[in-house]
Amino acid sequence: MSQAARVAIVSGAARARLHDLGDGLAIRPGHRTAAAWRVFTSMHTALAMILCLAVLAVIGTLVIQAPTGVATDRRAYAAWLEAIRPRYGRWTALLDDLQLFSVFSSIWFRSLVVGLTTSTMACSANRFRRLWRAAVHPRTRMTAAFYDRAPSSASVRTLVDPDAALRDLRRIFNGHRFRVVVEREGDDVHIYAERFRWAPFGSLLAHLSLVLILVGGLVGSTWGFRNPQLAVPVGSRVDVGNGTGLTVEARSFTDSYYADGRPSDFASDLVVYRDGVPVAGQIVRVNQPLRYDGITIYQSYFGPTAVMQVAEPSGRVVFEGGVPLEWVSTDGRHVIGRIALPDTGLTVYVIGVASGEVDPNVRPGQMQLATYLTGSEGGPIATQVVSQGRAVKFAGLDVTFIRERQFTGLIAVRDPGLPLVWGGAAFLVGGLFLVLFFRNRRTWARIRRIAGRSEVLVGATSRHDSAFGADFERLVDEIKLALTGPSAT
Amino acid sequence: MFKMSEYSFTAGLLCVGLASASYLLGFVWARLAHGTSVPALAGAGVAGGTVTVPGGTVTVPGSGSSPSGLAVYGSLLGWLGLAFLTASLLSRTIAVGHGPFANMYEFSVAFAWGVVAIDLAFERHYRQRVFGLVAMPVALGLLLYATTIPATAEPLVPALQNNLLLTVHVAVAIVAYGTFAVAFAAAILYLIQPAGGRPGLPRPDLLDEISYRAVVIGFPFLTLAIVLGAVWAEVAWASYWSWDPKETASLATWLIYAAYLHARAVRGWRGSPAARLLVLGFAATLFTYFGNLFFGGLHSYSGLDQP
């Protein structure tokens, strides 16, 4: 049906046809809805949106993208923007205004995804009924004019009567694994032969699976969580948080290297506890995450830990444990960890020398401490270098740097959208292989009685498919051979 | 084994080089032969190419003059090159103990292998010895590029230590890239012809169809490669999709070929515009492929040294 005809029907409010058009969707016969429907089911629109999305993807590869954490934090983003300004010069402001530093959360990207999703669903709704009818109630009778005009057609004068011709045709079609539907009309026999009847639904499956994947992504970001920085000092337990009620303990961490210095293995021996009871445990490596109760724990990074003890003058210990030195100073020379002491209103920063760096003020076996009033913007109220194993009086506290150990940096994720994403991905691949590798082949034949013998007309429609053309030729040759005998050719 | 891989590589490189030269010379020869006189042109139209019969096309072989003779050599050399490249990849697989897909050198050889293999498969299936005209130089370029980068086999960094996914993810991508190279070759041959076709080259609508068949094979494979990449990313990088530059570039490539498949169903996009999309698509494929070199990101396998 042409687009013009489709619109005419909708505005004419021809109810039966309208239902046919909308495939059960509640569409009121209004001009605007009709126009929107036409736009969203138009292949031109889909094509334009796909190409625009491709352009955005290319921009996303060429223009540096703000890291995930940075893009959502105003201050961090401003600092990041300054850092990249030398690279983009006066284009920086324009690119920022156009949201091209975070293309995949930009208004352009979101609009296109919404538009394409709508279009995909509208097209699928539009096509479903047509495909269903073609598969379940195919047109089995064709007129003589069809055989005249079909892109592939042939006519064979046989030496046998129609019944014998039908038997042979059925055998030949079955031999090609076509299903055969036979209808009689007076003396004429109509044959409809079809192969890979359900393959066209692969296209529908592939299109809708994209929607499923998007829904999966949405479910994951709405109801899941991701903690990309879960630093667990070796020998300590750290809460996974995010309402999981889980605690993870690192029993050991080893990093191994090849002779040329490239890493060969990172392995954390982890135990997961719920209410103090161990519930899971394994050696977690880069390609071997730990999965428990919908939570996945990945190996991600590692670094040094300062094992510290902080006590009040009364002797009450306010902190004891490993402090992961998980931040790196902007010059890359120091690694920094933090102890928050909510009772005292103080925050103590523990500063070590990054591996491979030398600081004459902080020698091996030493840490520098800097104490701030929690929440204040001012400078440190006290700084001091401490040596391993010796308690020092510092900002009114007794602080001991006990020893240095490692921490393992983990990522903890819960993604309830994952089954939808994998299901969608499987449908996508399956659907594409189905529709593109198993092409639906439809052939019609008509047997006419002519003076005790018969004439067979064969015809097929096939778009852009010369492989089918060759197959059709072979089919016709076979029919000729069977019905006329080798001598007749 | 390592030595054998290197020798086979060199032999393969030579064969593909000579095959490219044969195809190109054959083509130039044919052009000169057809360009000299009008009767020759008229005769050539009958001598070779494709003719239409109801329901399809049939290829009529050329009448065995020197041009097609050279293409035969090109094709033979291509098969020989394919054999050497296969030997090179196999011996390297044995030598390093995993699919030869772990660094740029290995991947370049594998990519070239895919281009040659799928080109020859298409030439055989469609009985057209012409895609090599474009595909063989592409493969040659990849192999020459491979000679400029270190061929040393380094042990795998932790992120790559997943033999199954490393092998399948990349092997599937190779199939996709190879078919896209053939689609590109057919598109180029389409675009250099006037509407009515040119003697010595396949008819434009046959080329159009062959491009389409190539994409029809390549697109599901590219999709599978991306999906397998997502599966691996979920295991190794904690997220099935991170907008890593290589992921993004592969998405752009996927979108361009998706656009191509839709374009063929839209009036006004068939023919030249669709062929241009294929050229764009192959550019995107190469961009995705070489992306490792300049856009960093997770696919640069930088290891675990972030803070």
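Worth knowing before you read on, the calculation uses all heavy atoms, side chains too, and leaves out hydrogens, waters and symmetry mates. Below, read A as the first sequence line, B as the second, and so on, with proteins coming before strands; counting in each chain starts at 1.
Heavy-atom minimum distance, A/Ile50 versus B/Leu255: CG2-O, 3.2 Å. Closest heavy-atom contact between A/Thr61 and B/Thr248: CG2-CB, 4.0 Å. When all heavy atoms are compared, the tightest approach of B/Ala159 to A/Val286 is CA-CG1, 3.7 Å. Nearest heavy atoms, A/Asn287 versus B/Gln161: ND2-O, 3.4 Å. Scanning all heavy atoms of the two residues, the minimum distance from A/Leu436 to B/Phe219 falls at CD1-CD2, 4.4 Å.
For the atom pair OG1 (A/Thr45) and NE2 (B/His262), the distance works out to 11.5 Å, reported to the nearest 0.5 Å. To the nearest 0.5 Å, atoms CG (A/Leu47) and CZ (B/Arg264) are separated by 13.0 Å. Between A/Gln288 atom CD and B/Asn162 atom CG the span is 8.5 Å, to the nearest 0.5 Å. Here the CH2-NE2 distance, from B/Trp269 to A/His44, works out to 9.5 Å after rounding to the nearest 0.5 Å. Note that the CZ atom of A/Phe433 and the CD1 atom of B/Ile217 stand 10.0 Å from one another [nearest 0.5 Å]. Distance check, rounded to the nearest 0.5 Å: CG of B/Leu251 to CG of A/Leu53 gives 6.5 Å.
For A/Val421, the part sitting under 4.5 Å from any heavy atom of chain B is the side chain, from C-beta outward, and nothing else. With a 4.5 angstrom heavy-atom cutoff, A/Leu56 does not touch chain B via any of its atoms. B/Ser239 touches chain A through backbone and side chain together, each having a heavy atom under 4.5 Å away. If you measure heavy-atom distances from B/Ala284 to chain A, you find no contacts under 4.5 Å at all. Residue B/Leu277 touches chain A through its side chain alone, counting heavy-atom pairs closer than 4.5 Å. Of the two parts of A/Asp415, only the side chain, counted from C-beta on, holds a non-hydrogen atom closer than 4.5 Å to a non-hydrogen atom of chain B. Interface remark: A/Val58 contributes backbone and side-chain atoms alike to the contact with chain B (heavy atom separation under 4.5 Å).
The choice from A/Ala206, A/Ala57, A/Ala46 that makes the most heavy-atom pairs within less than 4.5 Å of chain B is A/Ala57. Across B/Trp254, B/Phe221, B/Trp241, the residue that shares the most heavy-atom pairs under 4.5 angstrom with chain A is B/Phe221.
Counting heavy atoms from C-beta on, the side chains of A/Leu62 and B/Phe287 come closer than 4.5 Å. Proximity of B/Trp237 to A/Ile411: side-chain heavy atoms (C-beta onward) are nowhere separated by under 4.5 Å. Residues B/Tyr240 and A/Trp422 meet the side-chain proximity criterion, which asks for heavy atoms closer than 4.5 Å. Counting heavy atoms from C-beta on, the side chains of A/Arg285 and B/Pro158 never come closer than 4.5 Å.
For A/Arg291, the CZ atom is densely surrounded, since the number of other residues' heavy atoms within 6.0 Å is greater than 12. In the displayed structure, A/Phe427 atom CZ is contacted under 6.0 Å by at most 12 heavy atoms of other residues, nucleotides or ligands. The environment of CZ in A/Arg262 is crowded: more than 12 heavy-atom neighbours from other residues, nucleotides or ligands sit within 6.0 Å.
Under the 30°/60° scheme for interplanar angles, the aromatic rings of B/Trp243 and A/Phe104 are found to lie parallel.
The main-chain N or O of B/Leu156 is found under 3.5 Å from a side-chain atom of A/Tyr258 such that the two form a donor-acceptor pair. A side-chain donor-acceptor contact under 3.5 Å links A/Arg226 to the backbone of B/Ala238.
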